[in-house]
Amino acid sequence: MDDLGLLRVQFSITVLLSCMFTLSPGSEMNFVTCGSVVKLLNVKHNVRLHSHDVRYGSGSGQQSVTGVTAVEDSNSYWSVRGTSGAACHRGTPVLCGQNIRLTHVNTGRNLHSHYFTSPLSSNQEVSAFGENGEGDHLDEWIVLCSGSVWQRDESVRFRHTATEALLSVTGEQYGRPIHGQREVHGMTISSSHSYWRTMEGVFMKPSEAGSRDFSSPLHTEF
């Protein structure tokens, strides 16, 4: 079985685990940890960060990233990981100001941005890039939150490390083949369009973690 096949098997296991171990808001662990697999909700527009094997018809031509209203969609799961230059041990709380990668579980590509123009709003394009969880430095995002660690019930922002754009949704909708999905893009100005909150997912507890490095590709971890 190739790496992508293994990744899909891992995701099936993750979904099964989520039925058994997903923590609800207000539970004893109220922070986000490295290695967690989560859905992220844009608070202003009530859409979940989403991707799929559909490429942009303009700009970079890379895999598109959108926002969807559907709650139960497996293409909205993202794995919280470290960067190539900074370890992110599984189960360790993610710090405010920490550099992370968000890897799309179903395709193994990382949330990515660059100076291409987004197709609908002409803001900064956000795409999914890489193979099996490995891309480049443009996959890195800084978690902006108010305390010392990323709280699960907190609305946070994600600032693209290289370009300083904030991950945002302003409501533009696509037509075919992804009719009704919202454009996700980068914006340099902070606003209510740039806040995200964790929703459904599998949250790794520190007691489960040991010291495994979660900056490595997804298929080595589940």
Name the one of His160, His112, Arg101 that satisfies side chain to side chain donor-acceptor pair (under 3.5 Å) with Asp139?
His112
Partner residues of [X] under the side-chain contact (heavy atoms from CB on, under 4.5 Å) criterion, sequence neighbours left out:
X	answer
Leu144	Ile142, Arg157, Arg159, Leu166
Cys96	Cys145
Thr69	Val47, Arg182

Any side-chain donor near an acceptor of the partner, [X] and [Y], under 3.5 Å:
X	Y	result
Asn106	Ser74	yes
Gln63	Ser51	yes
Ser113	Gln124	yes

Non-neighbouring partners of Glu164 that pass salt bridge (charged side-chain N to carboxylate O under 4.0 Å, His left out), sequence neighbours left out:
none
Suppose we screen for ring pair (Phe, Tyr, Trp, His ring centres under 6.0 Å). Which residues come up paired with Tyr195, at least two apart in sequence or across chains?
none
Looking at [X] and [Y], would you say the former's side chain and the latter's main chain have a donor-acceptor pair under 3.5 Å?
X	Y	answer
Asn42	His193	yes
Lys205	Thr33	no
Glu183	Thr170	no

Report the residues that fulfil side chain to side chain donor-acceptor pair (under 3.5 Å) with Gln173, sequence neighbours left out, ordered by chain and then residue number.
none
